[in-house]
J.: 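Before we start, here is the structure in question, set down as structure tokens.
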Amino acid sequence: MLWRKVAMVNEESHVAARPLSVVGGDDLPEIPGAFPPSRTVRQLLGGRMKALRKAAGLTLADVVRPKDLVQSSAVLSRIENGKTNVTITRALVDGLLARYGVSDPEEKRVARLRVEQLLAGDTAWWAAHDGLVVGAFADLLHMEAAAERITMYESMFVPGLLQVSAYMDVVLTHACLSEEERELAERRRQLRKERQRLLDAPGGREFTAIIDEAVLRRTVGSRQVMREQLRHLFSLCENRESVHIRVFPSSAWEQAVPMAPSVTLLQFARERECADMLYADTAGNGGSWLDESGVEMVKAALEQVRSHALGKQETLDFLDRRIAELVDPR
């Protein structure tokens, strides 16, 4: 069974997202400050292992009876339900695949791929940013790196992946911040700059950003800051084959209404056997998982937004006019 989930959380929020658990609460508390392995990858792997066990006609008790792989039914249940308080290794998954009589090379490859994704999370580049990458946001960083296509809609700010340093400074800092809050803002800035490497990573990933017209008409920071930001968007739109910038005009709200202020759709290569994933920013309200019907509804709304956005040349013309408007008067 493939998981279809939409995580609604605030990207790099000042408040950690609420724990996201599909089935009940965790049996053991997570260690405060520890970098949590990706919940989503655990759920994908655990759900598939559960399906394979059932296909083999085995109960939890049948699998753990020899106790050479898993010590108890409770531990196996935690693995299958994607819990974070159990250790998953390559040897464990290979042993379970053998116990279930899985001989299909593709089935084995997909399971092992997800183990590698899970293990990579413990040494991922963002692991050094202790306390900043938690919950569903950790899942986003983990899964966007594996995505073949990323499509996002943004109505509040220029997407973090596309922000220039000056714009980023204005968004993340404020004159009223304490010294401690300024240090935290600087850590978020470094995290965001490192995350932007995703656009230059190999693999032919397609990235599309649909930005609400209002975002581009608001002067953030100063005319100079906004002009620099728009020139960066213009350059990406004009010169990068795999990066697509599109403007969602204010007039299009009559035909298409976005379901959230910020939505990111992740789509994966067929061989990864991973369903589409949607991540939405709810401006600091934490996160929750929606069922499949919720995913399809938000995805359909995003497709409507995409269909009513300006084309490439129209977007370039819009940005060119807006940049001209921001030239300082003499």
Side-chain angles (χ1 to χ4, degrees), residues 9-13 125-126 132-133 137 140-141 143-145 147-173 185-186 188-249 258 260-267 278-281 283 302 305-306 309-323 325-326:
V9 298
N10 183 33
E11 176 187 347
E12 301 168 44
S13 167
W125 63 264
W126 62 85
L132 292 184
V133 183
F137 184 51
L140 175 65
L141 297 190
M143 299 307 291
E144 70 182 5
E148 183 179 55
R149 293 180 301 280
I150 302 174
T151 304
M152 62 173 54
Y153 165 76
E154 178 61 62
S155 67
M156 300 299 292
F157 299 102
V158 170
L161 285 169
L162 305 176
Q163 291 176 7
V164 297
S165 294
Y167 186 99
M168 195 182 301
D169 288 341
V170 175
V171 171
L172 294 176
T173 61
E186 177 58 26
R188 287 197 177 94
R189 181 181 181 278
Q190 292 300 320
L191 171 64
R192 191 168 293 185
K193 292 292 290 184
E194 289 184 51
R195 185 185 172 206
Q196 290 181 345
R197 298 175 186 171
L198 179 72
L199 299 183
D200 299 315
R205 180 182 297 102
E206 292 289 323
F207 176 83
T208 301
I210 306 167
I211 307 174
D212 197 286
E213 178 181 345
V215 173
L216 305 175
R217 292 206 175 276
R218 284 194 293 269
T219 301
V220 174
S222 67
R223 297 167 70 91
Q224 179 179 353
V225 169
M226 200 63 198
R227 194 167 62 243
E228 179 186 353
Q229 178 62 70
L230 295 182
R231 283 174 174 164
H232 179 60
L233 295 178
F234 186 98
S235 176
L236 290 173
C237 182
E238 184 177 43
N239 300 312
R240 296 285 292 273
E241 292 185 3
S242 60
V243 178
H244 315 287
I245 312 297
R246 299 292 184 264
V247 175
F248 182 66
S262 174
V263 178
T264 299
L265 170 66
L266 304 180
Q267 296 175 295
L278 277 156
Y279 176 99
D281 190 330
L302 180 59
V305 168
R306 187 212 303 261
L310 302 181
K312 178 177 180 178
Q313 189 56 54
E314 292 173 304
T315 293
L316 289 171
D317 292 343
F318 174 93
L319 292 172
D320 192 44
R321 290 193 301 271
R322 183 70 183 117
I323 291 169
E325 292 171 0
L326 289 169

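Just so we're clear, the structure is a prediction, and the values are computed from it rather than from any experiment.
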J.: What's the shortest heavy-atom distance between P159 and E154, and which atoms?
T.: CG-CB, 4.0 Å
J.: Mind running side-chain contact (heavy atoms from CB on, under 4.5 Å) on V171 and R192 for me, showing each step along the way?
T.: CA-CA 12 Å; V171 171; R192 191 168 293 185; 4.3 Å; yes
J.: Are F248 and V215 side-chain neighbours, meaning at least one heavy-atom pair lies under 4.5 Å?
T.: no
J.: Tell me which pairs pass salt bridge (charged side-chain N to carboxylate O under 4.0 Å, His left out) where either residue lies in residues 208-221, with sequence neighbours left out.
T.: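 For residues 208-221, and leaving out neighbouring residues, the salt bridge (charged side-chain N to carboxylate O under 4.0 Å, His left out) pairs sorted by first residue read E213-R217, R217-E325.
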J.: Looking at every heavy atom in both M152 and L161, which two are closest together, and how far apart are they?
T.: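 Scanning both residues, the minimum pair turns out to be CE-CD1, 4.1 Å.
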J.: May I ask you to decide if L326's main-chain N or O and R227's side chain share a donor-acceptor pair within less than 3.5 Å?
T.: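 Looks like yes, one N/O pair under 3.5 Å.
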J.: How long is the straight-line distance from OH of Y279 back to CG of L265, given to the nearest 0.5 Å?
T.: 14.5 Å
J.: Counting C-beta onward and ignoring hydrogens, is there a side-chain heavy-atom pair between H244 and K312 closer than 4.5 Å?
T.: no
J.: Looking at T219 and R322, what are the two nearest heavy atoms and their distance?
T.: OG1-NH2, 3.5 Å
J.: Before giving the answer on side-chain contact (heavy atoms from CB on, under 4.5 Å), spell out for S262 and M156 the whole-Å C-alpha distance, their side-chain angles and the decisive distance to 0.1 Å.
T.: CA-CA 7 Å; S262 174; M156 300 299 292; 6.0 Å; no
J.: Between Q190 and E186, is there a side-chain donor-acceptor contact under 3.5 Å, judged purely by atom types and distance?
T.: yes
J.: Calculate, to the nearest 0.5 Å, the distance between atoms CG and CD1 belonging to L302 and I210 respectively.
T.: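 One finds 5.5 Å between CG of L302 and CD1 of I210.
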J.: Determine the minimum heavy-atom distance between L316 and F234, stating which atoms define it.
T.: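 Shortest heavy-atom separation between L316 and F234 comes out as O-CE1, 3.4 Å.
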J.: Measure the CD1-OH distance between I211 and Y153 for me, rounded to the nearest 0.5 Å.
T.: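 Spacing of CD1 (I211) from OH (Y153) equals 10.5 Å.
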J.: How close do R246 and A309 get, heavy atom to heavy atom, and via which atoms?
T.: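 Smallest interatomic distance, heavy atoms only, reads CB-CB, 4.1 Å.
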J.: Do Q196 side-chain atoms and G160 backbone N/O form a donor-acceptor pair below 3.5 Å?
T.: yes
J.: Sequence neighbours excluded, which residues qualify as side chain to side chain donor-acceptor pair (under 3.5 Å) partners of S222?
T.: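 Scan of S222 (side chain to side chain donor-acceptor pair (under 3.5 Å), adjacent residues dropped) gives none.
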J.: As an exercise, state the distance from CD of Q163 to CE of M168, rounded to the nearest 0.5 Å.
T.: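 The CD atom of Q163 sits 5.5 Å away from the CE atom of M168.
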J.: Just by distance, do the side chain of R205 and the backbone of S242 share a donor-acceptor pair under 3.5 Å?
T.: no
J.: Would you say Y167's side chain and V158's backbone share a donor-acceptor pair under 3.5 angstrom?
T.: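 Such a contact is found between Y167 side chain and V158 backbone.
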J.: Pair L266, L140 - check side-chain contact (heavy atoms from CB on, under 4.5 Å), show working.
T.: CA-CA 9 Å; L266 304 180; L140 175 65; 4.1 Å; yes
J.: Tell me, with the steps shown, if L233 and L216 meet side-chain contact (heavy atoms from CB on, under 4.5 Å).
T.: CA-CA 10 Å; L233 295 178; L216 305 175; 3.8 Å; yes
J.: Looking at L198 and A145, what are the two nearest heavy atoms and their distance?
T.: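 That closest heavy-atom pairing would be CD1-CA, 3.9 Å.
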J.: Any sub-3.5 Å donor-acceptor pair from T315's side-chain atoms to V247's backbone N or O?
T.: yes
J.: Taking S155 for the side chain and P261 for the main chain, is one N or O donor matched with an acceptor at less than 3.5 Å?
T.: yes
J.: Look only at the side chain of Q229 and the backbone of A166, and say whether a donor-acceptor pair between them is shorter than 3.5 Å.
T.: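 A pair under 3.5 Å: no.
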J.: With sequence neighbours left out, what residues match E144 under side chain to side chain donor-acceptor pair (under 3.5 Å)?
T.: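 For E144, the residues satisfying side chain to side chain donor-acceptor pair (under 3.5 Å) (neighbours in sequence not counted) are R195.
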